[in-house]
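Step one of this worksheet: look at the structure below.
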Protein chains: 2
Amino acid sequence: MKELSTEEKIVQAAKEVFTQKGYAAARTDEIAVRAGVNKGLLQYYFKGKSKEKLFKAIFEEAFLKMITRINVIFESEDTVEHKIELALDAYFDLLLENPNLPGFIVNELHTNIHAFVEEIMQKPNRPNPMPLLMQIMEEAAQGKIRPINPVHLILNVLSMTVFPFIARPLFQRLVNVDDATFMDMMRQRKAEILDFVKHAIKP
Amino acid sequence: MKELSTEEKIVQAAKEVFTQKGYAAARTDEIAVRAGVNKGLLQYYFKGKSKEKLFKAIFEEAFLKMITRINVIFESEDTVEHKIELALDAYFDLLLENPNLPGFIVNELHTNIHAFVEEIMQKPNRPNPMPLLMQIMEEAAQGKIRPINPVHLILNVLSMTVFPFIARPLFQRLVNVDDATFMDMMRQRKAEILDFVKHAIKP
DNA sequence: CACAGTTTTACCCAAATGGGTAATTTTAGG
DNA sequence: CCTAAAATTACCCATTTGGGTAAAACTGTG
């Protein structure tokens with residue numbers, strides 16, 4: 001099972017610590033401990049500004065993971081409804097595997113202390129919502145779906161999908177469910193959202 | 001306009017810094033600077049563990065603000081649909097005035113380094129979703145609304161309301177809107193969500 | 001004015017932290 | 001077996017940070 005190289009173990013540990021605690025609260029010592037190695041190796045593999053280097057790599061990966069999935073909504077040549085279904089598939093796959101990715105990203109974007117975030121934002125992966133926006137308006141005009149503000153529709157789908165993972169700690173305490181139960185609920189949720197949206201946009 | 005006592009100015013500044021940067025990244029120096037006073041005064045007004053004391057006070061207030069609003073959804077003696085409308089009113093009022101409250105709370109709950117958070121959670125204000133859950137099922141049984149999982153319905157409303165404020169930095173960069181425009185969009189959004197939900201739960 | 005309360009100034013300290021190095025030992029492949 | 005790469009050990013240092021103090025200066029009010 002564990003066939004990770006030391007470097008990979010370090011990256012993996014850094015991912016855990018950064019995504020759980022955020023940059024400011026992350027401790028390089030803890031990264032080393034979780035990786036099962038000593039601090040010296042962080043220097044060995046990431047010479048110079050090891051904390052920052054690790055963070056950059058991890059944040060960029062996480063960010064691209066999240067952001068490129070949005071493109072799924074736009075790329076296909078399908079109906080609005082089916083595009084939403086595909087988007088939900090893609091996003092829930094990602095989120096169930098990486099439950100604390102969104103919280104991490106949102107957190108670091110909120111406390112915008114990292115200048116390089118700007119660079120990442122300008123990368124080629126920028127999603128272009130325009131085609132889908134237009135398509136929603138077209139289908140609305142054709143009476144295929146109910147007239148609706150397309151920006152808010154997209155935002156609605158994204159909100160219902162991502163928010164529970166961000167509010168997970170709060171939610172779990174309020175309704176008193178353990179991790180496994182939470183994950184089960186989220187697996188159900190995909191179908192619930194699709195159902196909800198379908199009815200909401202039905203003419 | 002500015003009739004704040006020094007102590008209030010400090011609390012206000014602390015609120016800004018904590019909600020923007022989170023506990024770990026918050027610097028007491030910055031709090032003093034923003035309050036327009038010197039660090040000595042933090043000791044004068046909050047002797048002993050000033051950072052922690054300030055944080056506790058601020059977090060608890062913020063948390064209760066957010067959490068007690070949820071009760072609006074449950075308390076009234078109304079139809080489900082109208083309860084949702086009232087909840088949206090209450091929540092949008094709060095969010096438009098305190099746009100970075102949810103991000104702050106979610107962030108601090110995520111990096112659960114503060115033991116006292118547990119205490120706060122156990123306070124009398126705990127919302128009890130059961131009545132509304134039952135009511136949703138009743139109305140569904142009576143055919144007043146479409147059959148729907150009540151937990152997910154509530155989560156849907158909350159998600160669509162709160163998420164945009166949490167994802168605000170990301171959203172604003174992706175669609176390139178300034179602060180004023182964002183706030184305008186959010187003001188429209190309340191009506192959009194209500195409309196969306198109404199159609200989604202219509203039998 | 002006198003005086004208590006407030007604010008500033010100018011320091012200090014201990015601990016934590018990120019970053020780093022040099023020597024040594026362990027490990028695996030040729 | 002021998003060697004280079006990998007990993008460990010045991011340090012060090014500069015900086016930041018939270019926390020703190022004591023004395024001086026300022027302020028308003030009785």
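Below, chains carry the letters A, B, ... as their sequence lines are ordered, and counting in each starts from 1.
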Discussion item. If I take atom CG in residue A/D29 and atom C1' in nucleotide D/dA10, what distance separates them, rounded to the nearest angstrom?
Written reply: 14 Å
Fill in: Polar side chain donor-acceptor pair, B/D178 to B/T181, under 3.5 angstrom
yes
Worksheet item: Just checking, A/K51 and A/Y23: is the charged tip under 6.0 Å from the six-membered ring centre and within 45° of the axis?
Response: yes
Worksheet item: What does B/A35 touch in the nucleic acid at a heavy-atom separation under 4.0 angstrom: a base, only the sugar-phosphate, or nothing?
Response: nothing
Fill in: Carboxylate-amine/guanidinium contact B/R187 B/D184, below 4.0 Å
yes
Worksheet item: Does any N or O in the side chain of B/H110 come within less than 3.5 Å of the main-chain N or O of A/F104, such that one atom is a donor and the other an acceptor?
Response: no
Practice prompt. Measure the distance from CD on B/E8 to P on C/dT7 and round it to the nearest whole Å.
Written response: 12 Å
Response to the item:
To the nearest angstrom, the CZ-C1' distance between B/F55 and D/dG19 comes to 18 Å
Practice prompt. Just grab all the side-chain hydrogen bond (donor to acceptor under 3.5 Å, both in side chains) pairs involving residues 29-38 of chain A, residues at least two apart or on different chains.
Written response: A/E16-A/R34, A/Q20-A/R34, A/K21-A/E30, A/E30-A/R34
Fill in: Side-chain donor/acceptor of B/R189 to backbone N/O of B/M160, under 3.5 Å
yes
Worksheet item: How long is the line joining CZ of A/F18 and P of C/dG18, in whole Å?
Response: 9 Å
Worksheet entry | Distance in angstrom units between A/K51 NZ and C/dG18 P, rounded | 4 Å
Response to the item:
Rounded to whole Å, NZ of A/K47 lies from P of C/dG18 at a distance of 19 Å
Discussion item. Base, sugar-phosphate or nothing for A/A26? Non-hydrogen atoms, less than 4.0 Å.
Written reply: sugar-phosphate
Discussion item. Closer than 3.5 angstrom, by distance alone: can the side chain of A/Y91 be matched with the main-chain N or O of A/M66 as a donor-acceptor pair?
Written reply: yes
Worksheet item: Taking for each residue the nucleotide of DNA chain C with the nearest heavy atom, is it B/V37 or A/S50 whose nucleotide lies nearer the 5' end?
Response: B/V37
Response to the item:
Taking C/dT7, D/dG19, C/dG19 as options, the one with an atom nearest any side-chain atom of B/T6 is C/dT7
Worksheet item: Quick one: is C/dG18 close enough that its OP1 or OP2 comes under 4.0 Å of any side-chain N or O from A/R27?
Response: yes
Worksheet item: Does anything in residues 38-46 of chain A reach DNA chain C, meaning a heavy atom under 4.0 Å, and if so which residues?
Response: A/K39, A/Q43
